[in-house]
Colleague: 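Take a look at the following structure, please.
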Amino acid sequence: MTDIALDAHRAPRDTGGVPALGGVKLTLALSGAVIVLMMLFGLTMKLAQGGLVAVEPIYFYQVMTAHGIGMVGAAGLTGAAIMWFFLARYVALTGWVYNAMLGLSLAGVVCILASIFVWGFAGAWTFLYPLPAQSGGVWEPGAAAIYLLGLMLVGVGFLLFYLETGRALIQRYGSLGRAMGWPLLLTGEQDDVPPPTVVASAVVTLFNGLGIVVGAAVIGISLINLYAPEFAIDALLAKNMIYFFGHVFINASIYMAVIAVYEIIPQYTGRPWKTSRVFVGAWAATLLFVLAVYPHHLLQDTVMPGWAMVVGQVVSYASGIPLIAVTTFSLIAYLHRSGMRWDLASALLVTGVFGWSAGSIPAILDSMIVVNKVMHNTLWVPGHFHFYLLIGEVAMVWGFMAWLTRESTGERLAGASATSYAIYFTGGLGFVLLFLIAGASSVPRRWAVHEPAWIGIDHISVVFAALAIAGFAMFLVRFVRRAGTAP
Amino acid sequence: MRIRPAIATALASTVVIVGGFLTIWQASDGFAAFTTETARRLAVERAPRPIPAVDIVTGTGMGVPLLSAGRPLLVEFVYTSCPTICTSLGQEFLQIQSALSARGLVDRVRLVSLSFDIERDTPARLAEYGRHHGADPVIWTVGRPRQANDLARLLVAFGVTVVPDGEGGFVHNAAIHYVGADGRLSRIFDLGEADSILAHLETAAP
Amino acid sequence: MTPTRSQPIFLAVCVAGLVSLASPLGRQFLEASLVTHMLVQMPLLVFIGMGFGRISSAAAAPYVATWNRGGSTGLLLTLGVAMFWMLPRAMDAALVDMRFEAAKFVSLPVAGVALAWSYGQASPIVKGVLNAHVVSALGVMGWAYMAAPVRLCNAYLASDQEMAGAGLLAAGAVTAAYFAMRIVFFGATRSRYIRTSSASDDASIVAY
Ligand code: HEM
């Protein structure tokens, strides 16, 4: 182990000077609680599908809607917390903006939960047209309106967040292009090369900012349609717009969370994570894929759905591939012979990168297989996104939380932390693999009631899911206890 | 004494917000009518408008009064060379006509297809339009104002805008107007609302 | 805008623009179709107002600064005027009622002046929210004009309406691309991004 690594462990926690640090910790604690609750909802769905508890389909879809939006929201918030925390090391951020984002998001969450559990909205988190307006009498337009209003509040919160990060990046680097490291990419200029955190933040700021604007427009359109149904929405267009901002938003949550890997792993290995040309190129490719190709497909989609749809799928899944590859290979190179100390934080961060990259493999398969549309509406899809969200994003966030509250004397992966990690990893991996297996045997997604033939898988899934939940919940208790006292 | 900018600005901004809100509130009838058409419908419901008692020329070439005392009217605006919307209006009237005969309500109301194309719509063409759409002269009159002056008064009273479409046709409000027995326009229905119209006729005073 | 020799020319161009837009010929020409009425005439009126605003902002600053801290009063005024003229009814009324037409020719340039006096004062966050709002509002409006099952304006043809909707969507896309390009390559105008301390309200306005 190198001296630097040792120093890093003894060093103060590097939290000084982070504006709105309290807000960041609150985000982590609240989102952690939401994640546990939503995992329990997930477990409920599995129990229901496996016929172990009786849940009316109406309630199943309410639970599914809440699970989907709750998880996506928690992923977005935790990702934002990580980006904020580390970006503050390089640029001057204004604290109140973060707190405003958090406040608006929480207000949004209240609206969303109320719309689901008080007024019965159950149109899935993607509120795909025409579901919100035509519920077959299950919920009133008002319920859908409150749901959309909740999304809007969250969207405004995130817009403020990205405007502030964008402002601060531009103030420090002159333009987002420079913050994304493009001079290095294009001319090899070595002067004032932005660190990885800055590159990642700049890319996410740009594309998620645009994604939110698109999202706001879709919400506006859906609201008008709700009250004036004669203003018909082109279903395909709405779907594409929703998927555009849905995919962008959920991908952004991982792109933000991975910043924790760029920042924390070097403390363990003693090797700083460098901004190389390849690194900048991978982020630029991601941005280009998302911004240039996807909307392009979106326009074509309305004219020639068939092949354009396939291209769109491939692109939206493949957009992250260069980045995932670069991150994974760099991580392996940095870890190689570094003698890194394994504690809960480092183990989870490495696991997160593994989950992210391994989870993308089924996505690529899916995007190729979608040609014959075998897999696309099966559990294969939740399988791949649970892979990179549960083992990827959540593990990275958890790693960050563990690092924030680590013992200053340095810890090892042993005792309670080892147990929680082990059962989480076993449970999570088993759970997502079963999703994939079910998908490969053509079990459809979003079915409240499963055929007898599929129930066996559901039963085993329940066990794995329960393990994963227990592992995460165990840790969360420790985090909340320590976060209050840690500097 | 110098007023502090923060307070001054808060004040000024509030004035702008309140003023803007009130203006838009006023201009949209309390956020109820964003288009001229909805505004027109709302306006006649709130305050029924007298319709001028003019004579109209029918397919026989004779002049008859537009309003007949004691009998409400359903009026739609058409022009006989209209390829699109007027055809639907004609079909809607036919549907209402049959329903009225079936329910024995023939003397409850008169249907009037009123042409605004007074240059081209000769009595012969009006008669042809009536035949084509199956108009029963007892209940359904096809006609046009006698002179441009009457037409203008009618369009203003009904609030109908007619725009030449540049290809010899016109664009105009597609609606069915209910003129009560007192000669006042009091309701405007959309195309496709035959059921509501019939319901309205049954409840409205004869 | 600092006084330069080109300023009188700029002023003359704005005045000439306003006069030609307001002339009977200009009105007839641009108001004949919804597309030119909404997407050419009305924006031009705002732009001309912005031109006047640029020229006069330094001179006006001492008088309005107190009432327009951070540009909020002016920006709200601009938004309010824009919202009013977004009512299809208002546009219809401008065609048949001279009072509305006159109000349009006054209020839109005034909104432009207010925008020019205020935008520079606004904090980057407010500017960003405003820009984002403009883009998504253009998108929603464009969609609404294209999807409307009825004619929204009695004075215009349905085909016009669809074209206007497509135009709004295109305007939204171009605006979004413009903002994105600006922050990626030029970082907006950099000097304005450096914040002046909040204590020097009036100083910051003069500096602008
Ligand atoms: C132990 C943890 C979890 C369990 C037991 C679980 C369970 C489930 C189940 C059973 C479904 C419905 C699948 C179907 O039949 O279509 C589902 C859907 C979903 N889950 Fe999870 N999940 C877990 C964790 C997560 C995490 C961590 C995330 C994201 C960060 C997430 C995001 C989603 C989303 C977005 C959907 C799609 C909802 C929809 O189809 O509208 N889940 N989950």
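Residue numbers start from 1 in every chain, and the chains themselves are labelled A, B, ... in the order their sequence lines are given, proteins ahead of strands.
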Colleague: Can we call the ring centroids of B:His133 and B:Phe93 under 6.0 Å apart?
Modeller: no

Colleague: Taking heavy atoms only and a threshold strictly under 4.5 Å, list by residue number the residues of residues 170-177 of chain C that touch chain B; give 'none' if the list is empty.
Modeller: none

Colleague: So that I can tick it off, tell me whether B:Glu45 and B:Arg41 are bridged by a salt bridge, with the cut-off set at under 4.0 angstrom between side-chain N and carboxylate O.
Modeller: no

Colleague: Using a heavy-atom distance cut-off of less than 4.5 Å, which residues of residues 13-28 of chain C contact chain B?
Modeller: none

Colleague: Do B:Thr38 and B:Thr35 have side-chain atoms, one donor and one acceptor, less than 3.5 Å apart?
Modeller: yes

Colleague: Check B:Arg49 against B:Ala157 and note the closest heavy-atom contact, atom names and distance.
Modeller: NH1-O, 2.9 Å

Colleague: Less than 4.5 Å to any heavy atom of chain C: does that hold for the side chain of B:Ala33, its backbone, both, or neither?
Modeller: both

Colleague: For B:Phe189 together with B:His177, are the ring centres under 6.0 Å from each other?
Modeller: no

Colleague: Of the non-hydrogen atoms in C:Leu30 and C:Thr36, which two are nearest, and what is the gap between them?
Modeller: O-OG1, 2.6 Å

Colleague: Who are the side-chain contact (heavy atoms from CB on, under 4.5 Å) partners of B:Arg4, not counting sequence neighbours?
Modeller: B:Ile7

Colleague: Between B:Leu74, B:Ile176, B:Leu73, which is the residue that forms a side chain to side chain contact (heavy atoms under 4.5 Å, CB included) with B:Leu111?
Modeller: B:Leu74

Colleague: Using atom types as modelled and distance alone, determine if a side-chain donor or acceptor of B:Arg146 lies under 3.5 Å from a backbone N or O of B:Leu151.
Modeller: no

Colleague: Are B:Ser13 and C:Ser72 linked by a side-chain donor-acceptor pair shorter than 3.5 Å?
Modeller: yes

Colleague: Between B:Ala10, B:Ala12, B:Gly20, B:Gly19, who has the most heavy-atom pairs with chain C when the cutoff is under 4.5 Å?
Modeller: B:Ala12

Colleague: Spell out the residues in residues 84-97 of chain C that have some non-hydrogen atom less than 4.5 Å away from a non-hydrogen atom of chain B, in order of number; otherwise answer 'none'.
Modeller: C:Phe84, C:Leu87, C:Pro88, C:Arg89, C:Asp92

Colleague: Walk me through whether B:Tyr79 and B:Asp121 qualify under side chain to side chain contact (heavy atoms under 4.5 Å, CB included).
Modeller: CA-CA 7 Å; B:Tyr79 63 105; B:Asp121 282 344; 4.0 Å; yes

Colleague: May I ask you to test the C:Leu168-C:Leu39 pair for a side-chain heavy-atom distance under 4.5 Å?
Modeller: yes

Colleague: Decide side chain to side chain contact (heavy atoms under 4.5 Å, CB included) for B:Ile197 and B:Arg187; before the verdict, give the C-alpha distance in whole Å, the side-chain angles of both, and the deciding distance to 0.1 Å.
Modeller: CA-CA 9 Å; B:Ile197 295 177; B:Arg187 269 297 277 277; over 6 Å; no

Colleague: Testing the 3.5 Å rule here: is there a donor-acceptor pair between the side chains of C:Asp160 and C:Tyr145?
Modeller: no

Colleague: Is the shortest side-chain N to carboxylate O distance from B:Glu128 to B:Arg125 below 4.0 Å?
Modeller: no

Colleague: Which one of B:Thr23, B:Val15, B:Val16, B:Ile17 has the most heavy-atom pairs closer than 4.5 Å to chain C?
Modeller: B:Val16

Colleague: Do you know which of B:Val160, B:Leu11, B:Val162, B:Thr36 has the most heavy-atom pairs with chain C at a distance under 4.5 angstrom?
Modeller: B:Thr36

